[in-house]
Amino acid sequence: MTYFTENYFLNPPELIWSIILNVLLNVGIYYLVYYYLVPYFYLSNKYPEFILYALIVFLISSLFRILWEPAVFMMNFSKEGYHVGFLYNVYISQGIVILVASFLGITKDKFLIEQDVIDLGEEKEQLYLDLLKSKLNPHFLLNTLNNIYANSFTRSENTPDSILQLSKLLQYIIYDSGKEKISVNQEFSSLKALAALYQLKYDNQLDIVFDVKDQEEFDIVEVPPSIFLTLFENALKHSAIGEEKSSFITISCRIEHSELFFGIVNSVPKHRIRSVETGYHGLGNDAVIHILEKYYGDKFEFLLGPEENDQYKIALKMNVNG
């Protein structure tokens, strides 16, 4: 702008110096507005003060240029309209510098605020997921250890197996449940460990069936931890297993054409006495859906509800491609 408006009354050497000096002046004005006026006044909701000081900067910088440029470079305003063009150049260029500095300063802050909101949202999401991650009930842990301790006096054959299964479940809760994803086999090891501990509690009289055939994909395909375990834990709670002889739980899982199918069918209690204490406090169906939405978007189906013959069914299908 300086070049196209001042080349009419300045020679090339003087014009270059004028451009350089104006750039230096306006860089200082830009930094003043961008790093001081916007943060200390506009972003502090002191809008009248911001407008007042921006106007003062505009007037002082414009007046400074109007006074020093003609005196330093001996500008020739002999032709009609040259002085008006010079004034327009000064006012417009100074106004643009201040407006651009203000706009960029404000938008940068809004962008940073939005980024902070996004970051906080992601942190909140992660904290929520971390809170949803399963924890072993201290009472269950204490009771299990007491049972193992009592069995040790009678040299029960169940003692070593109890310690092993408890160790597997603790390993899962301490290490695996904090990961983003784990293999299907790792998730199923926790289900089997919980089922084994529960069987030991009832002398292996429970009708818990794992209708799962070994597949190589189980070691490759990864899923968010605690999903299958939570659904199994819910089935243990609500099937009356350990309370009614006819109660049962059947777990199935397979992978076909990049889709994982997981299902649980359990009995429905005829006379509910109390909730079974599984010792594992999982996520709940709402939280499971929340995690599935986070990792799979709309590439999953989660169905649950009562079936015929006093049964309850849970069916989960996930696209695990990639």
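On a predicted model such as this, the values are computed, not experimentally measured, just so you know.
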Peer 1: Verify the ring-centre separation between Tyr42 and Phe50: is it less than 6.0 angstrom?
Peer 2: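 Ring centres of Tyr42 and Phe50 closer than 6.0 Å.
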Peer 1: Which ILVMFWY residues are connected to Ile220, directly or by a chain of links, through side-chain heavy atoms under 4.5 Å apart?
Peer 2: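 Other cluster members: none.
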Peer 1: Treating Ile, Leu, Val, Met, Phe, Trp and Tyr as nodes and any side-chain heavy-atom pair under 4.5 angstrom as an edge, say whether Phe103 and Tyr35 lie in one connected cluster.
Peer 2: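 Yes; tracing contacts between hydrophobic side chains, which count when under 4.5 Å, links both residues.
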Peer 1: Are the side chain of Glu293 and the backbone of Asp298 linked by a donor-acceptor contact shorter than 3.5 Å?
Peer 2: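 It does not hold such a pair.
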Peer 1: I want to check something: taking the side chain as every heavy atom from C-beta on, are Val288 and Phe228 in contact at a cut-off of under 4.5 Å?
Peer 2: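 Not in contact.
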Peer 1: Given side chains that start at C-beta, do those of Asn234 and Asn266 come closer than 4.5 Å, heavy atoms only?
Peer 2: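 Side chain of Asn234 against side chain of Asn266, heavy atoms only: no contact under 4.5 Å found.
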Peer 1: Could you tell me whether Glu222 and Lys181 make a salt bridge, using a distance below 4.0 angstrom between a side-chain N and a carboxylate O?
Peer 2: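 Not counted as a salt bridge, because no side-chain N and carboxylate O are separated by less than 4.0 Å.
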Peer 1: Can you see which heavy atom on Pro39 is nearest to which on Tyr34, and at what distance?
Peer 2: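 That would be CD-O, 3.4 Å.
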Peer 1: Could you tell me if the side chain of Leu21 sits less than 4.5 Å from the side chain of Leu25, heavy atoms only?
Peer 2: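 Not in contact.
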Peer 1: With sequence neighbours excluded, what pairs up with Asn45 under the side-chain hydrogen bond (donor to acceptor under 3.5 Å, both in side chains) test?
Peer 2: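 Result, side-chain hydrogen bond (donor to acceptor under 3.5 Å, both in side chains) vs Asn45: Tyr47.
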Peer 1: Among residues at least two apart in sequence or on other chains, which ones pass side-chain hydrogen bond (donor to acceptor under 3.5 Å, both in side chains) with Glu256?
Peer 2: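 side-chain hydrogen bond (donor to acceptor under 3.5 Å, both in side chains) check on Glu256 returns Arg254.
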Peer 1: Taking ring pair (Phe, Tyr, Trp, His ring centres under 6.0 Å) as the test, write out the residues that go with Phe300, two or more places apart.
Peer 2: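 In terms of ring pair (Phe, Tyr, Trp, His ring centres under 6.0 Å), with neighbours along the sequence ignored, Phe300 is linked to no residue.
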Peer 1: Using links of under 4.5 Å between side-chain heavy atoms of ILVMFWY residues, direct or through other members, which residues join Leu303 in one cluster?
Peer 2: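 Joined to Leu303, directly or through intermediates: none.
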Peer 1: For Phe64, check ring pair (Phe, Tyr, Trp, His ring centres under 6.0 Å) against everything at least two apart and list the hits.
Peer 2: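 Phe64 satisfies ring pair (Phe, Tyr, Trp, His ring centres under 6.0 Å) with Trp68 once adjacent residues are dropped.
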Peer 1: Just jot down the side chain to side chain contact (heavy atoms under 4.5 Å, CB included) partners of Gln199, sequence neighbours excluded, or say none.
Peer 2: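 Scan of Gln199 (side chain to side chain contact (heavy atoms under 4.5 Å, CB included), adjacent residues dropped) gives Asn204, Leu206, Ile208.
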Peer 1: When hydrophobic residues are tied together by side-chain contacts of less than 4.5 Å, even through go-betweens, does Leu32 share a cluster with Ile60?
Peer 2: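 Yes, one cluster joins them.
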Peer 1: So Val27 and Tyr30, do their side chains get closer than 4.5 Å, heavy atoms only?
Peer 2: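 The answer is no; the side chains never approach within 4.5 Å.
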Peer 1: Answer yes or no on whether Lys313 is positioned over the face of Phe302, meaning its NZ or CZ is under 6.0 Å from the six-membered ring centre and within 45° of the axis.
Peer 2: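 No; the conditions do not both hold, so Lys313 does not lie above the ring face of Phe302.
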Peer 1: Can you check whether Ile163's main-chain N or O pairs, donor with acceptor, with Ser167's side chain at less than 3.5 Å?
Peer 2: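 Between the backbone of Ile163 and the side chain of Ser167 there is no qualifying donor-acceptor contact (under 3.5 Å).
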Peer 1: Only counting residues at least two apart or in another chain, list the ones meeting side-chain hydrogen bond (donor to acceptor under 3.5 Å, both in side chains) with Asn185.
Peer 2: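 Asn185 satisfies side-chain hydrogen bond (donor to acceptor under 3.5 Å, both in side chains) with Asp219 once adjacent residues are dropped.
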Peer 1: Who passes side-chain hydrogen bond (donor to acceptor under 3.5 Å, both in side chains) against Gln94, sequence neighbours left out?
Peer 2: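 By the side-chain hydrogen bond (donor to acceptor under 3.5 Å, both in side chains) rule, Gln94 matches Asn26, Ser61, Arg65.
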Peer 1: Just to verify, what does Val221 make a side chain to side chain contact (heavy atoms under 4.5 Å, CB included) with, not counting sequence neighbours?
Peer 2: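 Applying side chain to side chain contact (heavy atoms under 4.5 Å, CB included) to Val221 gives Val184, Glu217, Ile255, Leu260, Val320.
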Peer 1: Check the surroundings of atom OH in Tyr53: do more than 12 heavy atoms from other residues, nucleotides or ligands lie under 6.0 Å from it?
Peer 2: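 Counting other residues, nucleotides and ligands, OH of Tyr53 stays at 12 neighbours or fewer.
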Peer 1: Using the ring pair (Phe, Tyr, Trp, His ring centres under 6.0 Å) criterion, which residues pair with Tyr40? Sequence neighbours excluded.
Peer 2: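 Partners of Tyr40 under the ring pair (Phe, Tyr, Trp, His ring centres under 6.0 Å) test: Tyr36.
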Peer 1: I need the single residue from Val265, Ile251, Leu304 that forms a side-chain contact (heavy atoms from CB on, under 4.5 Å) with Ile314. Which is it?
Peer 2: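 In the set Val265, Ile251, Leu304, the residue that makes a side-chain contact (heavy atoms from CB on, under 4.5 Å) with Ile314 is Leu304.
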Peer 1: Side-chain donor-acceptor pair under 3.5 Å between Glu233 and Thr230, yes or no?
Peer 2: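 Glu233 vs Thr230: no donor-acceptor pair found between side chains.
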Peer 1: Going by the rule ring pair (Phe, Tyr, Trp, His ring centres under 6.0 Å), which residues pair with Phe261 if we only count those two or more places apart in sequence or in a different chain?
Peer 2: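 Applying ring pair (Phe, Tyr, Trp, His ring centres under 6.0 Å) to Phe261 gives none.
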Peer 1: At their closest point, which heavy atom of Ala54 faces which heavy atom of Ile98, and how far apart are they?
Peer 2: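 Answer, listing the atom of Ala54 first, then Ile98: O-CD1, 3.8 Å.
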Peer 1: Do Leu316 and Met318 touch side chain to side chain, with heavy atoms closer than 4.5 Å?
Peer 2: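 Side chain of Leu316 against side chain of Met318, heavy atoms only: contact under 4.5 Å found.
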